[in-house]
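Treat the numbers as computed from the prediction; the structure is a model and nothing was measured. The figures that follow rest on heavy atoms only: side chains count, while hydrogens, waters and symmetry mates do not. Chain letters run A, B, ... following the sequence lines, proteins first, then strands; residues in each count from 1.
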Protein chains: 2
Amino acid sequence: MKILLVYAHPEPKSLTSSLRDIAVAALEGEGHEVKVSDLYAAAWKSEVDRADFSNLAAKDRLQVADASCSAFAAGALTPDVEAEQDKLLWADALILQFPLWWYAMPAILKGWVDRVYANGFAYGVGEHSDRRWGERFGEGTMAGKRAMLILTAGGWESHYGPRGVNGPLDDLLFPIHHGVLFYPGYAVLPPFVAFRVDRLDASGFDRLAGRLRERMQSLFTDAPIPFRQQNGGDYLIPELTLCPEIGDADASGFALHIETSRTT
Amino acid sequence: MKILLVYAHPEPKSLTSSLRDIAVAALEGEGHEVKVSDLYAAAWKSEVDRADFSNLAAKDRLQVADASCSAFAAGALTPDVEAEQDKLLWADALILQFPLWWYAMPAILKGWVDRVYANGFAYGVGEHSDRRWGERFGEGTMAGKRAMLILTAGGWESHYGPRGVNGPLDDLLFPIHHGVLFYPGYAVLPPFVAFRVDRLDASGFDRLAGRLRERMQSLFTDAPIPFRQQNGGDYLIPELTLCPEIGDADASGFALHIETSRTT
């Protein structure tokens, strides 16, 4: 199988970098083919701006969704963005690897999402009708592919636990898991997370490396998080609210968007 | 009073830009002083890298938290970062204004957070003991100041509602509200949100502008979201998990970090 690993850390000698090398070696050891997009090494441009849309006339106002749609359709996106899109289409699985900074991606990786996820490619795909609201949240360009995160975090695991002060990690990652990965169709695997990385000793690193190798070996067999498909009957269209029979009438929160009848 | 508005949109003639002008005029109309950090206009650098830390020796490995701590203490951060820190210290209130892209900040604004929020300034502040885990989540450098978001979103309001397919907007924003604003001590106000901005007509814009003016007029009187203080007795230290008596024993989720006995 083919894997794209998008990697965002500024230090080539970091723990994150060591984990990347372990992940790549484990995947190649399984007979897979791996490409790495090292965003810092590539001096990736993080900001969406008019330079991204070569077919936008200088006199025209930049409306990002419209400009993205037009440039994608015309093949007028920039070569760096097109190269990443080609890699996404090539890969059977996508891994995003990054340190959690302020409970989210580093800017350079957010900029990869903002720029590579073009209108017509990652969103704005499929028909809108009274039965389907585009191909998204479980359908779309990436349907049939898998994705997962490899994270490093400075904090303690309990701080990110169900009742931890940071909020539960699963909820903190929902905007990425559901909003960035499930949105264009990926089946999303539970994340690999290394906590307290600034205090890791050699034996701790070995245990971590062992856990990561195992996860890479089961990349194509682990069960994904069973997010509900948008067009699968669980949501009213066009309101796109959960059908009344799902959960208690006044229940809300991210967990409702996971099918509890299926196990992860 | 003094307000810093940090603004992230690439198009000077955008709806977001019009809303910014309305917000600034409304604040100035109340007699306040306003500074705007227009990140695109300033060609803000989004990526944390070793160029941010002028006192880091070329032979040394970049460990971001350590390098940030050392550079902040030595006054060796870059002038663009120091200028933003000075504005944050100057302001009584911080407003972050941006279009919601992939359920999060545009990369350029995330890069403002990643770079301006230095170790010793926005985190790593205060003592760690068995009674206090640093000054954060309600304490810290920004204690006594207020903050809020002004957002534009392409989607429908129902899609971001309590049972909407995107997840509830309050939960999607928790990593920013709680993790970026409450963390260094800001009292966080409910956000101002404009939905379906691509389909707005003139009368819709007028209504939106009216709502925004009202929110700007009540910036210093609106009740903040009553997030729980980390060191106020609601969390065990050092686990930093909610005390057992808060919520049901198996309850989790972001809402537990808000004091339900207080009203917003």
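The shortest side-chain heavy-atom distance between A:Pro10 and B:Glu47 does not fall under the 4.5 Å cut-off.
Across every non-hydrogen atom of B:Val165 and A:His257, the tightest pair is CA-CE1, 3.8 Å.
Both the backbone and the side chain of B:Trp101 come within less than 4.5 Å of a heavy atom in chain A. With a 4.5 angstrom heavy-atom cutoff, B:Pro238 touches chain A via backbone and side-chain atoms both. Residue B:Leu172 touches chain A through both its backbone and its side chain, counting heavy-atom pairs closer than 4.5 Å. Of the atoms belonging to B:Leu15, it is backbone heavy atoms, and not side-chain ones, that fall under 4.5 Å from chain A. Residue B:Trp112 does not touch chain A at all, counting heavy-atom pairs closer than 4.5 Å.
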Throw together a table of side-chain donor-acceptor distances under 3.5 angstrom for residues 173-183 of chain B, partners on residues two or more places apart or in other chains.
unit_1, atom_1, unit_2, atom_2, d
B:Tyr183, OH, B:Arg136, NH1, 3.1

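Annotation: ring pair (Phe, Tyr, Trp, His ring centres under 6.0 Å) contacts of A:Tyr117 (sequence neighbours excluded): B:Trp102.
Of all residues spanning residues 48-55 of chain A, those with a heavy atom less than 4.5 Å away from chain B's heavy atoms are A:Val48, A:Asp49, A:Arg50, arranged by number. Taking 4.5 Å as the heavy-atom cut-off, the residues of residues 119-131 of chain B that approach chain A are B:Ala122, B:Tyr123, ordered by number.
Side-chain N or O atoms of A:Arg163 include one that pairs as donor or acceptor with a backbone N or O of B:Ile246 at under 3.5 Å. No donor-acceptor distance shorter than 3.5 angstrom exists from the side chain of A:Glu11 to the backbone of B:Arg61, with no hydrogens or angles considered.
Between chain B and the residues A:Ser46, A:Gly111, A:Ala104, the most heavy-atom pairs under 4.5 angstrom are made by A:Ser46.
A perpendicular orientation is assigned to the rings of A:Phe254 and B:Phe254, their planes being inclined by more than 60° (bins at 30° and 60°).
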